[in-house]
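Heads up: the structure comes next, in structure tokens.
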2 protein chains.
Amino acid sequence: MDNERIYSVSELSRLAGVSVRTLHHYDQVGLLKPWRKENGYREYDRKHAVRLQQIIIYRDLDFSLEEITRLLDLDADNQAKALNSQRDLLWQRQKQIQRMIDSLEVTMKSIQSKQNVDIMFEGLPKEKIADYEKSVRDRFDLSFEGITEDLLGGFSSEEARALKEEGDRFAEDFVNVIHLPVESEQVQRLAERHHDMISKMASFAEEGVELDYDTALKASHFLANDEATQEFYSFYHDDYARRLGEAWRYFAETRLKS
Amino acid sequence: MDNERIYSVSELSRLAGVSVRTLHHYDQVGLLKPWRKENGYREYDRKHAVRLQQIIIYRDLDFSLEEITRLLDLDADNQAKALNSQRDLLWQRQKQIQRMIDSLEVTMKSIQSKQNVDIMFEGLPKEKIADYEKSVRDRFDLSFEGITEDLLGGFSSEEARALKEEGDRFAEDFVNVIHLPVESEQVQRLAERHHDMISKMASFAEEGVELDYDTALKASHFLANDEATQEFYSFYHDDYARRLGEAWRYFAETRLKS
DNA sequence: TTGAACGCTAACGTTACGTGACAGTCAAGG
DNA sequence: CCTTGACTGTCACGTAACGTTAGCGTTCAA
């Protein structure tokens, strides 16, 4: 019945996971005052142990020992209220950490996307990338970083590499039929393949996004007419961007028009 | 293109939510070293801002500045890895706080249940409660606190008061028919009412718990025969516990037998 | 009875800044 | 041109919450 477990300093310190010195300190500042045996040894009971738990919670929440003293002595009678406020503080802390995690993941996505941009543009002429980027930014009034972050941030390096290879293979195939008319079946098959590639990426970036007629038409026009873009893709073939643009346009007109 | 936003001490301090002195300090210990203008003023760029964010995360996770220096310089190349480990640490912290919340809620339940016990036994003879409690503990090999915690911990003080009143009203009604035979319709109607009361409480404490035949029979036997219990309930009527036990037994035999 | 384990106090050390004190810098206004 | 107020800089001491070390008493099993 008389459940009065008592603890020595070292026992309580092990129980609560704090150092003996800490208990000495709390005694000194009057935060947790144990009984004393005749020989001067400190003696803690169950109530002390409970109070210590509370102290530790508040301490972990970055309250000063002075504040903790006030809080605990103030709510000494109203235990339930004290516990409630502690729980609320812990909830707040949870949410705060969640925000930190979220912001961290945004940063991670941004870094990953930059890496992926490097992967995707690997082997392509460095100095022309900047011009191409500027063109895209001017034409569509979008930050290049914004685009790539949305489009590439969600992929791992491996996936990015796979995409790069898929793109290269496509380019190779396209160059092989680049002399054929855009209406030809071979070219249109490739146009569809390209359309599917892009759609896949876009839908991965944002759920339910469709590459519709208008967007495709704009893109085709850009490909067919923008100089920096032509320059950039001349790496594959002199006429690459122009022909791809035309292929896209025909594909959009015949297959995407609603 | 040259996105090089630069910050003064005060600007960066506001941006990151730290004091100017803190930035001075980080400069001093070599954790975050800004550029210097000719006049000696500190100058921070975007990279500094990013590094500061990382510092703050680690600091909030209680790393020492020295450890943070090591961590950041060690993973300076491998940014992605650093961010990953930070996220993992934040997750761990989340879980730790969750454990604290859980343990806190257990404590809250225990306190609430003790308050509710006081409410439920209010007005009943204090000194007989202990005997009754001992009897229950001996007979059922259960800690009284365990029972009440499971049964009453989930109720608020208001709900406990309502339960107490319901119980008192029942006792009054039962005393009014206590002279009638246990088989009588009036008594059996009350037995059912009592059974429903208890069931409701039990099912509230633990989802899907049913007060079955065996349990009811044991309880009825206890009520009808245990002396401390008789004593305790004699507050209502000398024969209260015995008659209630018999009413329960009949009810169990006629209505609960599977 | 002795030595290892534990306890006490006292006092200085450490970390991560806070808080002045005192002085130079700079743009705006009288 | 000079002042004024907002910033900035470097010392340098202060503080909170213990860590650490030193010196010394207590307990208890071997």
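As the structure is a prediction and not an experimental result, all values here were calculated from the model. The chains referred to below are lettered A, B, ... by the order of the sequence lines, with proteins before strands, and numbering in each begins at 1.
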Electrostatic pair [X]-[Y], nearest N-O below 4.0 angstrom:
X       : Y       : answer
R93(B)  : D88(B)  : no
K200(A) : E166(A) : yes
R42(B)  : D27(B)  : yes
R51(B)  : D45(B)  : no

In terms of the nearest nucleotide of DNA chain C, which residue is placed more toward the 5' end: E38(B) or Q28(A)?
Q28(A)

Any [X] side-chain N or O less than 4.0 Å from OP1/OP2 of [N]:
X      : N       : result
S10(B) : dT8(D)  : yes
H24(A) : dC8(C)  : yes
S8(A)  : dC6(C)  : no
S19(A) : dG19(D) : yes

Quick one: on DNA chain D, does R21(B) or R59(A) contact a more 5' nucleotide (nearest heavy atom)?
R21(B)

Of D27(B) and R14(B), whose nearest nucleotide on DNA chain D comes first from the 5' end?
R14(B)

Neighbour count above 12 (heavy atom, 6.0 Å) for E67(A) CD
yes

Rounded to whole Å, how long is the line connecting atom [atom1] of [X] with atom [atom2] of [N]?
X      : N       : atom1 : atom2 : answer
L32(A) : dA17(D) : CG    : C1'   : 15 Å
D62(A) : dC17(C) : CG    : P     : 11 Å
H25(A) : dA16(D) : NE2   : P     : 9 Å
E11(A) : dG7(C)  : CD    : C1'   : 12 Å
F63(B) : dA16(C) : CZ    : C1'   : 16 Å
L23(B) : dG18(C) : CG    : P     : 10 Å
Y44(A) : dG7(C)  : OH    : P     : 10 Å
E66(A) : dC18(D) : CD    : C1'   : 16 Å

Write out a two-atom table: protein N or O, nucleotide N or O from nucleotides 22-26 of chain D, distance below 3.5 Å.
unit_1  : atom_1 : unit_2 : atom_2 : d
dG25(D) : N2     : Y41(A) : OH     : 2.9
dT26(D) : O4'    : Y41(A) : OH     : 3.2

Can you tell which of [options] lies closest to the side chain of [X]?
X      : options                  : answer
R36(A) : dG7(C), dT9(C), dG9(D)   : dT9(C)
R42(B) : dG18(C), dG9(D), dG19(D) : dG9(D)
Y26(B) : dA16(C), dC8(C), dC17(C) : dC17(C)
V9(A)  : dC7(D), dC18(D), dG7(C)  : dG7(C)

Go through the steps to decide whether Y44(B) and Y7(B) satisfy the test ring pair (Phe, Tyr, Trp, His ring centres under 6.0 Å), and finish with yes or no.
CA-CA 5 Å; Y44(B) 297 89; Y7(B) 309 93; 8.2 Å; no

Will you find, in the side chains of S64(B) and E66(B), an N or O donor that is under 3.5 Å from an N or O acceptor?
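Looking only at side-chain atoms, E66(B) and S64(B) do not form any donor-acceptor pair under 3.5 Å.
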
Gap between atom CG of L15(B) and atom CZ of R5(B) - 0.5 Å precision:
8.0 Å

Base, sugar-phosphate, or nothing: which does V20(B) touch, judged by heavy atoms less than 4.0 Å apart?
nothing

